[in-house]
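Since the structure comes first, as structure tokens, the remarks are kept for the end.
The figures that follow rest on heavy atoms only: side chains count, while hydrogens, waters and symmetry mates do not. Residue numbering restarts at 1 for every chain, and letters A, B, ... go by the order of the sequence lines.
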Amino acid sequence: MNEQKPSIPEVFLKPHNPAEHEDALYDMWEKSGFFNPDVCIEKGVTASDAEPFSIVLPPPNVTGTLHMGHAAMLAIEDILVRYHRMRGHRTLWIPGTDSAAVATQAKVEKDLYKEEKKTRYDLGREELIKRIIAFSEESKDTIIGQTKKMGSSLDWSRYAYTLDDTRYHAVMTAFIRMYEAGLIYRGARIVNWDPNMQTTISDDEIEHVEKTDPFYYFKYGPFTIGTVRPETKFGDKYVVMHPDDVRYKEYTHGQKLEVEWINGPITATVIKDEAVDPEMGTGVMTITPWHSAVDFEIAERHGLSREQIIDERGILLPVAGEFAGQHIKKARAAIIEKMQAKGLIEKIDEKYVHNIATNSRGGGTIEPQIKEQWFVDVNKEFAMRHSEIPGVQEGNLVTLKTLMSKAVEGGGVSIFPERFNKTYYHWITNLRDWCISRQIWYGHRIPAWFKVNAEGRENALEHKVNAAGREGALGHKGSEVKVQIDSPGDGWVQDPDTLDTWFSSGLWSFSTLGWPEETADLKTYHPTTVLETGYDILFFWVARMILMSTFHLGQVPFKNVYLHGLVRDKQNRKMSKSLGNIINPLDMIEKYGADATRLSLVIGAAPGNDMPLSEDRVRGYKHFANKIWNISRFVLTHTIDTDLKTTPVCSARDNEILAKLRETSADVSNEIEKFNLYIAGEKAYHYVWSELADTILEESKPILNGNDAEAKRARQYVLIECLVTSLKLLHPFMPYVTETIWQELPKEMKDADILMVAKWPIH
RNA sequence: GUCCGGUUAGCUCAGCUGGUAGAGCGCUACAUUGACAUUGUAGAGGCCACAGGUUCAAGUCCUGUACCGGACACCA
């Protein structure tokens, strides 16, 4: 009777089926505890003094679902993380989610209106927030579950949420410290007001959209002025021209003129200011300081009075006379009609193309308004208290702007690809004070308190009530303010506003590590090694993190920034619902596996460039996963019954193969170190397919089936080396299939039970 | 208007510090029950946008032109 020969694991008798293994593997990894660097140290996988490597995951919106952009981000970061973990570094990747306050509240409000025909004012602050939290909680598991599907080796024990207690504490501390340093101030300035969402937004959240409107030329005394916005013109009593404009030299600065205007005669004052472009239109304009940033600045320079014309809902105020109470959209035609009747209109250009400011977060057309708000002063000088930032010393006089520049200039932060340095500097040059207060209810409430007067009402809170009886925006003028977390006592009321989401996001690199406590994590893992994110949030987020970290810690938030591109469809169009070209990562994972999905998002995707994706690409990489599967099957079939302990004598060709293998390992490592993941992945791919499968395996067949026992033994040894090393090299890119195979390898072939923590081939 | 990219095989793209072009998918022919048809072998297909320049040598560096795209911008 024949002796039972060892045979290859049964699982290899079928083609590779990713869906069969992925969830169980993720479970196994998670349960092993190796996502957590502390466990790696405890179990002897990582040296306790090993070099740290840390990434903080850009937190996806809690209420969102995974899209290809997230998938690309997760794939890239997980590759870096798995590589460094295998290298033996103390590797930490922190997960988190973002409340995305404006977007989340807008979504809940929209549903509320759709389902119950109610607004947030009908519900009240407390109830609305309750509903938003319920909605967020409900959605949270979805995005987390989907994140795991990608194979992301995140340390879930350190999970952070932008609104949890630790982050709340960080945000409050940051606000108070910046206020105390004089870097946060409250002031009446022109802000971007969104009449739809009833909140201010920052300059960066504005999106200019091209629009065609009629352009009107009005007779304004002896002048002709042009505008697309006649409805703002009621209060225009200053007429401005360039000081050097010879056409108007007869008029002097400060001169008064009686002019007939929309609602009767007014006294106009001539102002000479260089902001006026003589080439533009007639070279003369009237100004509306309350509703235009340029006009506001002119008014500031000359100390001119300002008057609000339009309220927070877009309704005309009493200054509009007979038009008061009308919405600007409706009033425009009537105003034009009246002006026409009065003979004030000289000309109308029907098709004038111009850019209007809109809220990129799904709101409406921005109406500039002057409002009392909180701002971060980016130009105020202060002395640096502590600095680990290259190029900045303790005691140096700096501003937040200069800190942001120097963090990059001095090499503290390196941006990949490099060309984004210019984009970054360009943004800083144009940066103005950052408006951080929002009139929405969901988010971190500003830790500021105002004194209430004897009637029990905030004396300084100027409640503007519009025609609909709603509470409009609040303005707090000249009242006593205390900035602290808890109420100063009776008679104080907290500012109703919340902070811009990006204020708390700006703290993310260190708030996730426990700041303001001086935690061990903070000491070990900050500055983080890499920030990986899309180039579209370079300003929103990357710049703000640099601002916050350099100020609060005197450290850069991260040493490297890796910017990935946008995932587009195969014709290089944006993925959008209306085009119907959205490829859902979860569908791809289900059909082709997470490994194939990851590779398709990494290979050929140079940093900073948009990446086209097609289902064909994903399918192509699934074939590759199966290739590895079959290579393993082949190698195991021909080595399973051999005694692996005997030492083989290698031929020249065997040594050549091993040399090439080492060379490939070095290449792949090198490219990962340089953040050229797309090249590293491709090199590993080509080695495995063209070299190992097509060449080495083919030429090995006669040897393995031949009679030369020594040659056969040597080749078996070589093939095992090639297989084991290939699995390791590919693991960061395709963790699932490589781990599945690894789990089936005989113990003697491997140096760790779990491939995820096996030793990288190059040390 | 300012700034930044791009223009390379039918499609989508890669080509680092210069030495007569690569990948994936697609296409053509042939092969194969032998790790793998989720395969193999072979092949067709490119004046590397255009014009100058530097160089022994230029998709690769410099200048300019033409298209395409993106970011930023307070233009009434």
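Between R432(A) and C74(B) there is a side-chain N or O to OP1 or OP2 distance below 4.0 Å. The side chain of W689(A) contributes no N or O atom lying less than 4.0 Å from OP1 or OP2 of A35(B). For Y535(A) and G70(B), the shortest distance from a side-chain N or O to OP1 or OP2 is not below 4.0 Å. Side-chain N/O atoms of K627(A) include one lying less than 4.0 angstrom from OP1 or OP2 on G40(B).
The interatomic distance linking Y352(A) (OH) with A76(B) (C1') rounds to 7 Å, in whole Å. What separates CD1 of I206(A) from P of C72(B) is a distance of 11 Å, to the nearest Å. Summarising the geometry, the separation between CZ on R633(A) and C1' on G34(B) is reported as 11 Å, rounded to the nearest angstrom. Rounded to whole angstrom, the span from the OH atom of Y621(A) across to the P atom of A23(B) amounts to 12 Å. Atoms CD (E699(A)) and P (G34(B)) sit 21 Å apart, rounded to a whole Å. The OH-P distance, from Y220(A) to A76(B), rounds to 18 Å in whole Å. The CG-P distance, from D616(A) to G26(B), rounds to 6 Å in whole Å. Counting to the nearest Å, the P atom of C75(B) and the CD1 atom of I366(A) are 14 Å from each other.
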At a cut-off of 3.5 Å, list every protein nitrogen or oxygen paired with a nitrogen or oxygen from nucleotides 1-9 of chain B, distance to 0.1 Å.
residue, atom, partner, partner atom, Å
C4(B), OP1, K422(A), NZ, 2.8

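Between G45(B) and A29(B), the two C1' atoms lie 15 Å apart (nearest whole Å). Going from the C1' atom of C68(B) to that of A57(B) covers 32 Å, rounded to whole Å. Annotation: C16(B) and C72(B) have their C1' atoms spaced 30 Å apart (nearest Å). Taking atom C1' on both C61(B) and G18(B), the two are 7 Å apart, rounded to the nearest angstrom. To the nearest whole angstrom, the two C1' atoms, one in A9(B) and one in G46(B), are 5 Å apart. Taking atom P in both U60(B) and U8(B), the straight-line distance is 13 Å, to the nearest Å. Taking atom C1' in both U20(B) and G15(B), the straight-line distance is 15 Å, to the nearest Å. Look at the C1' atom in both C48(B) and G6(B): the space between them is 14 Å, to the nearest Å.
Counting any heavy atom pair closer than 4.0 Å across all strands shown, F539(A) reaches sugar-phosphate atoms only and no base atom. Here I603(A) lies out of heavy-atom contact (under 4.0 Å) with every strand. Base engagement by E698(A) is indicated by at least one non-hydrogen atom pair under 4.0 Å involving a base atom. Using a 4.0 Å heavy-atom distance criterion, K701(A) is classed as a base contact. Among the atoms of the strands shown, none is found under 4.0 Å from any heavy atom of F12(A). Looking at heavy-atom distances under 4.0 Å, D277(A) makes contact with a base. Within 4.0 Å (heavy atoms only), A693(A) reaches at least one base atom of the nucleic acid. At a threshold of 4.0 angstrom between heavy atoms, the contacts of Y216(A) with the nucleic acid are absent. The residue V240(A) sits apart from the nucleic acid: no heavy atom pair falls under 4.0 Å. Counting non-hydrogen atoms under 4.0 angstrom, D295(A) reaches nothing in the nucleic acid.
In this structure a side-chain-to-backbone donor-acceptor pair under 3.5 Å is missing from N670(A) to A666(A). A donor-acceptor pair is defined here as one N or O able to donate and one able to accept, closer than 3.5 Å; such a pair exists between the side chain of H686(A) and the backbone of E682(A).
Along RNA chain B, the nucleotide closest to H623(A) and the one closest to K674(A) are compared, and the more 5′ of them pairs with K674(A). If you find the closest nucleotide of RNA chain B to E671(A) and to Y685(A), the one lying nearer the 5' end belongs to E671(A).
Relative orientation of the Y685(A) and W689(A) rings is tilted, given thresholds of 30° and 60° on the angle between their planes.
Residue pairs meeting the side-chain hydrogen bond (donor to acceptor under 3.5 Å, both in side chains) criterion with at least one member in residues 228-239 of chain A, sequence neighbours excluded: R229(A)-E231(A), R229(A)-E367(A), E231(A)-R332(A), K233(A)-D236(A), K233(A)-T286(A), D236(A)-T286(A), D236(A)-T288(A), K237(A)-S305(A), Y238(A)-S305(A).
Pair check for U2(B) finds A71(B); Watson-Crick or G-U wobble, both atom distances under 3.5 Å. In this structure U65(B) sits in a base pair with A49(B), meeting the Watson-Crick or G-U test at under 3.5 Å. Across all strands shown, U39(B) forms a Watson-Crick or G-U wobble pair with A31(B), both key distances being under 3.5 Å. Pairing partner, U20(B): none, since no Watson-Crick or wobble contact has both distances short of 3.5 Å. Applying the Watson-Crick and G-U wobble criteria (two distances, each under 3.5 Å), A57(B) pairs with nothing in any strand. The partner of C25(B), taking Watson-Crick or G-U wobble pairs whose two distances both stay under 3.5 Å, is G10(B). Base pairing analysis places A76(B) opposite nothing; no Watson-Crick or G-U wobble pair with both distances below 3.5 Å involves it.
Side-chain N/O atoms of W434(A) and D500(A) include a donor and acceptor closer than 3.5 Å. Of the N and O atoms on the side chains of E409(A) and Y425(A), not one donor lies less than 3.5 Å from an acceptor on the other residue.
Within a 6.0 Å sphere centred on NZ of K401(A), heavy atoms belonging to other residues, nucleotides or ligands number more than 12.
Shown here, G59(B) is classed syn by the O4'-C1'-N9-C4 or O4'-C1'-N1-C2 angle, which is within 90° of 0.
The NE2 atom of H564(A) sits 16.0 Å away from the OH atom of Y678(A) when rounded to the nearest 0.5 Å.
Less than 6.0 angstrom separates the ring centroid of F223(A) from the ring centroid of Y251(A).
Salt-bridge check for E300(A) with R306(A): passed, with a basic side-chain N closer than 4.0 Å to an acidic carboxylate O.
Annotation: side-chain hydrogen bond (donor to acceptor under 3.5 Å, both in side chains) contacts of D654(A) (sequence neighbours excluded): S651(A), R715(A).
For H208(A), the listed nucleotide lying nearest its side chain is C75(B); candidates were A35(B), C75(B), U38(B).
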